[in-house]
Amino acid sequence: MTERIVTFMTAINEAMAQAMRKDDNVILIGTDVAGGAEVDHLVQDDGRYDDAFGGVFGLSKGLVTEFGRERVIDTPIAEHGYFGAAVGAAATGLRPIAELMFNDFIGFALDPILNQGAKMRYMFGGKAKMPLTVRTVHGAGAGAAAQHSQTLYGMFGAIPGVKVVVPSNPYDAKGLMLAAVEEDNLVVFSEDKLLYGMKGHVPEDYYTVEIGKANVIREGKDMTIVAIGKMVQVAEETAQILAKDDISVEVIDLRTVAPWDEETVMDSVKKTGRLIVIDESNPHNNTATDIASVVADKAFDYLDGPIKTVCAPNTPVPFATNLEQAYIPDAAKVLRVADEIIADLKQ
Amino acid sequence: MKKKEALWIYQKMNEIRLFEEEVHRTFGEGIIPGFVHLYAGEEAVATGVSVLLDEEDYITSTHRGHGHAIAKGCDINRMMAEIMGKKDGLGGGKGGSMHVADIEKGMLGANGIVGGGFGLAAGAALTIKTLRQDHVAVCFFGDGASNEGLFHEGLNLASILKLPVIFVCENNQFGEGTPFRYASASETVAERAAAYNMPGVRVDGMKVVDVYSATKEAIRRAKAGEGPTLIECDTYRHYGHFEGDEQKYKSEADQNRDRDPIPEFRKVAVEKGWMTSKQADEIEKEAAETIKKASEFAQNSPLPDVESLYTDIFA
Ligand SMILES: Cc1ncc(C[n+]2csc(CCOP(=O)(O)OP(=O)(O)O)c2C)c(N)n1
C-alpha cells in the first residue's frame, strides 16, 4: 500500500469517491453537498459540473464533477424531507450517504432516523435492509455557538438499530467511512469539525476499518482512559504527562460509540483496575455514563478506584472564546480526576 | 410616509450598512470568532418593516440577523460586544452573531436554525391574541427557509388561528450556494400563501417604500383580526453567504447586481421632500460615529467571567 499524508477531510472525501466508484448505487445527498446546483457558469466545456464549494466545509469537493448531479444531489433546505427520502431510497435499493450539515439540525430530521430507518428491519420481521450512512458534524471549539457546536453522537447511539461511528484520525476516518457505506444498517458517521485539518497516513487503496472495534492506541497497566473522537488527543496528552510520574496509562480510542466495544474496554479495565472516560458530550445520559455503568456492573471486582468520567459541563456551548475553551474537556481536567484515583500509586 | 419615518429609516439603513462593514473588517482582522453572515444589501427590508413596529411588537430573525436587531432597536454597542464574544454583549458573550437577541426590545433572536422562527413568531402572535394585545409579530426568513417543513406548518397554523403575524421573506436568490430557482418548485414564495388562505404579496425588496406599504396593510389586517400575511421581498446580499465565502456560485450577472437600497432611498426621500440632502449627509456622518463608538466599546469590553459558563441555564 502506498502511504501518503493527507488531511482528515481529504480522507473522507476519498472514501466517498471510492465507495461511489465501486458501487453505482451509492449516492450523496444533502444541502449544498455540491453547492451551486443549476448554476450555469459552473458547467465546464466538457459538459461536466464544477462545484462552488462542495459542501460548507468543502468536504465533498470534486464529487459532483466525477459522478454528476444524478448521484451528488443538492437538496432544498428541507432536512425532514430529504432524510425521509434517504431512508426510503435505502430500503429500496440505493446506498445513500446523506449529509446533515451540523448534527444540531437533527431536530428537523429526527423522525426518519428515529422512527423509520432505525426500526424498519425489526418491524418488518428482518426483511428490510437500511444501507444508509448519515454523515454529520459535531463538536465545540470553532466559535460556532450553541446551535452549531453540540456533540450528539450519544443521542443517536441510544436508538436501537443505529450504529454510530466517531473517527479520531484520518486513517480511521477513511476506513470507517468505507465500512459504513458497506453496512446494510443505518450508520451515523459523526465528524468533529476541529479534526478536519488533522494530517495523517492514509493509504490510497480501498480499505475498511471494522465498525464496532475499539483501538488500543497505547498500552499501559495502571489506568485505562477511553476516549472518543477529538478527545483521543486529550487522552494521549494526559498519558504522556502521567508517564513522567511513572504512571502507565492504557489509551483506548473507542471509534464506535454504538455499539461500543465492551470486550476491549473490559479487558483493559480488568488489567489496570482504573477507568476514566473522556467524552465531549454534555455529562448526562451520554456514552461516558453508559460505559461507566456497564463497567461498574460487570467489572466491579476488578476496580481499584471509582470510575471517572470527564465530559463537557451541563450547559449549552457558549460563544465567547474563553468560555468555549473552559467548556471543552482538556488534559488539565483529566489530570485532576486522574489524581483522585491514582493517589495510592503516587505515594 | 412621514418625514420622521423617512429620517429614522435612513438612519437605521446607514447604521446597519456601516455595522456590517465594521464586522466584515474586524472579522478579517481576527477580532471576531466563529461564523458571521452579513446583511448588507438587504437594509430596505428590515427598516421598511420595523419603522412600523413598536417596542412591544415582536420579531423573529435568521442567522443573518444583525440588520433586524438594529432595526428593532437593540443596543448597537452591546450587539457589537456580543458578536465579539465580550462580557458587555447582549447575551453576555454567550450567543454571538447567530444568536443576537434582546427580548425586552421584542427581538426574539437571530437563529442558527434555518426556519426556526416560523413557530416562534406564531407563538408570539398567539400570546398577543390570547392576551388581547394590540401588537403584531413579524417573522423574517430567507427563501431557503421557505422549503423547511416548519414554513408550511407555521403558516397553516397561523392562518387557521387567525394570528396577528406577518411572514416576511427576504428572497436574496440563494440559500448558501443553492439558487432559489433550483431549490423551489414554485416560482415565488409569495404564491405559496394561497395554499394557506392568506394574501401573498411580492415587492421590490430594494425599495423601502414598497416594503413599507405592504407591511402597513399587513399590520392593518393582523390588528383587525384578519390573520397573517406573507410578504416576499426581492432582495440581494452584497457579501457572501458567510464571511470567507468566495461566492463561486454567483454568475457574473449576479456579481454585478449593483442595486443598492441606501442611495436609492436617499434619492427618493430627497425628491419627496422627506429629507434634505444636508440631513442625509448628517445622518450618514452620525451613523459612522455610532458604529465607530460601538466597535471601540466592544473591543474595550472584557471577556466574560469564566463562571458565567454555568449561569442562566435555569430561571
Ligand atoms: C435547519 C438548518 N439547516 C441548514 C442550516 C445551514 N444553513 C445556514 S444558513 C443556510 C441558508 C439559508 O438560506 P436562506 O433561508 O435563503 O437565508 P439567507 O442565507 O439567504 O439569508 C443554511 C442551509 C441551518 N443553519 N439550519
Side-chain angles (χ1 to χ4, degrees), chain A residues 30-42 50-56 58 69 74-82 84 101-102 104-109 111 140-150 193 282 312-327, chain B residues 32-35 63 82-87 89 91-99 111-116 142 144-151 174-179 181-185 241-242 245-254 303-313:
Chain A
T31 318
D32 263 314
V33 286
E38 296 296 324
V39 173
D40 295 338
H41 69 273
L42 293 174
D50 195 1
D51 44 22
F53 42 67
V56 264
R69 283 204 209 130
D74 273 344
T75 66
I77 312 168
E79 291 83 1
H80 200 151
Y82 78 79
M101 201 183 287
F102 288 77
D104 314 66
F105 309 160
I106 191 59
F108 281 11
D111 187 71
Q147 296 174 334
H148 281 71
S149 309
Q150 295 167 83
K193 53 177 90 67
N282 292 123
N314 193 26
T315 74
V317 182
F319 170 70
T321 322
N322 64 327
L323 300 186
E324 194 180 30
Q325 281 318 310
Y327 176 92
Chain B
I32 295 175
F35 303 164
H63 57 286
E82 185 59 34
I83 291 164
M84 292 185 182
K86 298 299 189 69
K87 184 176 176 160
K94 288 176 179 177
S97 165
M98 272 192 290
H99 308 289
N111 209 313
I113 302 299
V114 170
S146 73
N147 292 314
E148 288 283 15
L150 258 174
F151 166 87
F174 290 97
E176 293 193 351
T178 304
R181 64 176 181 276
Y182 166 81
S184 295
H241 169 61
F242 49 79
D245 173 5
E246 292 172 67
Q247 306 190 69
K248 275 172 60 188
Y249 49 85
K250 283 189 179 172
S251 66
E252 225 162 285
D254 282 325
L303 289 171
D305 305 325
V306 176
E307 295 72 45
S308 73
L309 171 59
Y310 306 97
T311 60
D312 299 327
I313 295 161

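Naming: A, B, ... by sequence-line order, numbering from 1 per chain.
At least one side-chain heavy atom of A:Phe319 sits under 4.5 Å from a side-chain heavy atom of B:Pro33. Annotation: side chain of A:Pro316 is in contact with side chain of B:Ile313 (closest heavy-atom distance under 4.5 Å). Contact of the A:Gln147 side chain with the B:Met98 side chain is not registered, since no non-hydrogen atoms from C-beta on lie closer than 4.5 Å. In this structure, B:Asp245 and A:Phe53 have side chains that are in contact, with non-hydrogen atoms separated by less than 4.5 Å. Two residues are said to be in side-chain contact when any heavy atoms from C-beta on lie closer than 4.5 Å; B:Glu148 and A:Glu79 meet this criterion.
For chain B, no part of A:Gln325 is nearby; none of its heavy atoms comes within less than 4.5 Å. For B:Phe151, no part lies under 4.5 angstrom from a heavy atom of chain A. Heavy atoms closer than 4.5 Å to chain B are found in both the backbone and the side chain of A:Tyr327.
Interface check for chain A: of the options B:Asp305, B:Ile32, B:Asn147, the most heavy-atom pairs under 4.5 Å are formed by B:Asn147. For chain A, the option among B:Met84, B:Glu82, B:Lys86, B:Lys94 with the highest count of heavy-atom pairs below 4.5 Å is B:Lys94. With chain A as partner, the option from B:Val114, B:Leu150, B:Leu309 having the largest number of non-hydrogen pairs under 4.5 angstrom is B:Leu309. No other option in B:Ala183, B:Gly89, B:Pro304 has as many heavy-atom pairs under 4.5 Å with chain A as B:Pro304.
With sequence neighbours excluded, no residue forms a side chain to side chain donor-acceptor pair (under 3.5 Å) with B:Asn111. Applying the salt bridge (Lys or Arg N to Asp or Glu O under 4.0 Å) criterion to A:Asp51, with sequence neighbours excluded, gives A:Lys61.
What you find for B:His99 and A:Ala145 is that their closest heavy atoms are CD2-CB, 3.5 Å. Summarising the geometry of B:Gly177 relative to A:Asp32, their closest heavy-atom pair is N-OD2, 3.2 Å, with the distance given to 0.1 Å.
Between the OG1 atom of A:Thr315 and the OH atom of B:Tyr310 there is a distance of 7.5 Å, given to the nearest 0.5 Å.
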